[in-house]
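First comes the structure, then the notes that go with it.
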Amino acid sequence: MKLVTASAVSQRSLLASLNSNLSVSLSSSSSSSSSSSSLASVLSTVLNAEHMRPANPVSCSQGASEQLISLIKSCAHESHLLQIHAHILRTRSLEDPTISLRFLSRVSLSPFGRVSYARRFFSQIKNPSLAEFNTMIRAYSGSDSPEEGLYLYREMRRLGERTNSLTSSFCIKSCTKMASLTGGLQIHGRIVRDGHQSDSLLLTALMDFYSICCKSEQACAVFDEMPERDTVAWNVLISCYLRNCRTRDVLAVFDAMIGGECGCQPDDVTCLHVLQACTSLNALEFGGRVHEYIQERGYGDAVKLCNSLITMYSRCGSMDKAFMVFKGMRVKNVVSWSALISGLAMNGKGREAIEAYLAMLRANVVPDDQTFTGVLSACSHSGLVEEGMLFFEEMSKDFQRMPNVHHYGCMVDLLGRAGLLDQAYELIMSMSSKPDSTIWRTLLGACRIHRHVALGERVVWHLTELKAQEAGDYVLLLNTYSSVGDWERVTEVRKFMKDNGIQTTPGCTTITLNGIVHEFTVDDVSHPRQNEIYTMLDEIGSQLKIAGYVPEISSELHNLSSEEKGYRLSNHSEKLAIAFGILATPPGTTIRLANNLRICVDCHNFAKVLSSVYDRMVIIRDRSRLHHFQGGHCSCNDYW
DNA sequence: CTAGGGTTAG
């Protein structure tokens with residue numbers, strides 16, 4: 001026999017109808033006023049029901065309190081929160097600590113919750129508990145005004161309120177968000193005084209804080225002091241290494257974790273970080289190992305990981321593998337499509353990138369800013385001028401996306417490479433926001449390609465005005481002069497650079513063989529096999545000369561005689577790395593290089609001819625793109 | 001007592 005009281009039945013059915021109404025209002029996104037008003041009436045019925053109004057506000061009945069809590073839990077719209085809030089004030093349930101904490105927590109955590117709202121409610125609580133203080137500080141730390149969390153924390157201390165480890169944790173999060181070193185140092189001091197220095201979770205947050213503030217040494221010091229380190233702690237260490245360009249250490253940590261030396265296994269977040277490290281190191285092989293690990297661990301369906309894999313493979317020049325990952329994804333989002341599009345663009349497959357973009361639209365995925373950056377860069381790298389201009393117009397007209405600096409940058413590159421220098425200049429001048437130095441630099445590059453000295457000088461003037469000239473800019477200007485044979489000006493710029501102590505970034509090329517990274521700089525003599533390498537380079541030189549390779553003298557800075565120039569050029573880091581690649585790998589093996597600058601005309605020609613004479617595929621990643629050399633051709637469509 | 005912290009794709 002069921003023994004259910006009448007009131008219990010009515011309560012249950014009211015809640016049931018409330019919940020079904022809530023789900024209806026959620027699924028029909030746009031404002032259907034009738035459904036929301038009926039929902040409001042249901043809510044007010046519940047809230048005003050006789051059994052909900054306690055005779056004595058503080059000791060409201062157990063059932064009413066429980067029902068209010070479940071209402072708070074299931075609340076799915078801001079207006080419902082407002083009604084519950086009003087009800088709490090009316091019935092003075094605020095003095096029930098369970099209710100006020102639940103409500104505060106709900107307000108600050110719900111997707112539609114706002115700090116301002118939480119703050120208002122918090123101020124109505126007479127004597128906030130530690131939990132309520134913490135909840136409020138947490139809300140601030142995740143909001144747009146994290147500093148308010150620190151003010152509240154100071155207020156707590158001033159009032160002599162008790163704090164705990166969580167309080168510090170949320171404060172650290174605020175400091176991290178503000179990147180406030182002084183604030184964080186103060187909190188760190190308090191953590192030590194309060195005796196919380198063995199709380200691993202707190203220390204992990206502290207590590208991340210130091211890492212964000214570019215204090216990697218302090219971050220590592222905190223890591224060393226941790227009593228125990230779980231996967232998250234290791235992940236924060238890895239992300240710290242990533243931020244501080246210690247990418248090789250990231251791979252070492254991953255190996256150590258796999259080898260059981262860390263007492264915990266890599267998780268999905270670890271893999272995300274390690275893949276980023278592989279991407280920047282051009283470590284295709286290692287990235288493949290991470291891919292295998294991801295599959296072993298059953299993370300294969302994780303969208304973020306797949307997106308990261310697409311980026312890693314395409315930036316390492318392995319577009320076919322990138323595409324395989326993409327094809328295998330059951331759920332693709334805008335990031336997946338954009339990663340594919342940028343990957344194709346970087347690898348010189350402009351037409352395919354546009355195809356992918358059109359397929360994305362057919363799949364009803366809405367493009368965002370970064371998608372357009374990919375599409376426009378595809379056009380610029382492949383010299384698709386008309387298409388690029390069309391997409392540039394479409395993005396604001398059809399998708400309401402206002403072009404940002406990256407989009408303008410692509411367009412300047414597109415027009416500039418195509419020789420439409422004046423049009424590129426006009427575009428920069430028409431920008432609504434102030435053009436940054438990168439944009440001018442792009443145009444300067446185009447001036448160098450098209451030997452446009454006058455515009456090049458004007459661009460340098462703009463850079464000077466921005467106080468943003470870099471060593472590379474002078475080199476570009478210098479190259480522009482040298483490309484038209486104005487050696488007088490070349491000498492002038494060189495003297496200026498020397499007098500002002502302007503140092504150029506040294507070119508550096510890496511090649512990875514069997515997991516070992518070999519690094520070459522210009523005229524490098526540090527490699528253990530340097531004698532063999534230089535001998536090989538001579539041999540290659542004479543072979544290529546027979547096939548018609550002529551050193552391109554205009555790439556060189558010096559006004560030397562042709563013979564001397566030829567000699568200087570032969571020692572570029574790219575060439576040394578290629579010679580080592582030919583030397584150290586069996587015939588037919590693909591040679592993969594990464595360079596930190598843009599490849600010069602001469603090395604480009606060198607690699608082209610070599611790919612045919614030695615029948616080797618050569619893939620070079622430079623600062624902006626990948627070059628696939630095969631059979632005497634390059635995938636890129638640059639106007640050298 | 002109540003709530004419950006740290007890392008995360010293009």
Side-chain angles (χ1 to χ4, degrees), chain A residues 65 69 96-106 108-109 125 128-139 141-142 164-174 176 191 196 199-212 219 222-223 226 229-243 264 266-276 279 294 299 302-315 322 325-326 329 331-346 356 360 365 367-375 377 406:
Chain A
S65 178
I69 286 171
D96 179 338
T98 319
I99 302 273
S100 61
L101 178 59
R102 293 269 184 158
F103 189 74
L104 183 65
S105 171
R106 187 79 180 93
S108 59
L109 278 184
I125 303 172
S129 63
L130 170 60
E132 284 161 341
F133 270 114
N134 283 350
T135 306
M136 197 58 224
I137 294 176
R138 178 181 57 179
S141 76
N164 63 10
S165 198
L166 263 80
T167 325
S168 316
S169 185
F170 298 136
C171 288
I172 283 294
K173 229 188 153 183
S174 280
T176 309
I191 290 170
H196 295 148
D199 182 329
S200 295
L201 267 71
L202 177 56
L203 293 183
T204 309
L206 193 62
M207 262 184 80
D208 192 46
F209 158 77
Y210 279 123
S211 158
I212 296 271
V222 173
F223 183 80
M226 286 173 71
R229 306 172 188 97
D230 62 2
T231 301
V232 182
W234 283 100
N235 288 349
V236 176
L237 182 75
I238 287 175
S239 86
C240 178
Y241 285 163
L242 264 179
R243 276 196 197 93
C264 56
D267 66 0
D268 49 341
V269 179
T270 320
C271 295
L272 280 174
H273 286 139
V274 178
L275 285 174
Q276 275 192 48
T279 302
I294 286 169
Y299 297 145
V303 178
K304 283 186 186 179
L305 279 173
C306 291
N307 293 344
S308 204
L309 280 169
I310 293 172
T311 304
M312 185 276 293
Y313 279 130
S314 52
R315 294 217 41 184
V325 174
F326 179 82
M329 288 176 78
V331 185
K332 303 176 179 82
N333 61 17
V334 60
V335 179
S336 330
W337 284 97
S338 305
L340 179 74
I341 291 168
S342 322
L344 289 166
M346 259 186 309
M360 169 184 174
V365 178
D368 67 6
D369 283 356
Q370 297 199 54
T371 318
F372 285 113
T373 306
V375 172
S377 83
H406 302 289

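The chains referred to below are lettered A, B, ... by the order of the sequence lines, with proteins before strands, and numbering in each begins at 1. Only a predicted model underlies this, so the values are computations on that prediction, with no experimental measurement involved.
Side-chain atoms of A/Glu132 come within 3.5 Å of backbone atoms of A/Ser129 as a donor-acceptor pair (strictly under, hydrogens ignored). One N or O on the side chain of A/Ser141 and one on the backbone of A/Arg138 form a donor-acceptor pair closer than 3.5 Å.
For the residue pair A/Asp267 and A/Thr231, no side-chain donor N or O sits within less than 3.5 Å of a side-chain acceptor on the partner. Between the side chains of A/Thr371 and A/Ser338, a donor-acceptor pair is found at a separation under 3.5 Å. Inspection of the A/Ser211 and A/Asp208 side chains reveals no N or O donor paired with an N or O acceptor under 3.5 Å.
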If a protein heavy atom is under 4.0 Å from the base, mark B; if only from the sugar-phosphate, S; if neither, -; do that for nucleotides 4-10 of chain B going 5' to 3'.
BBBBBBB
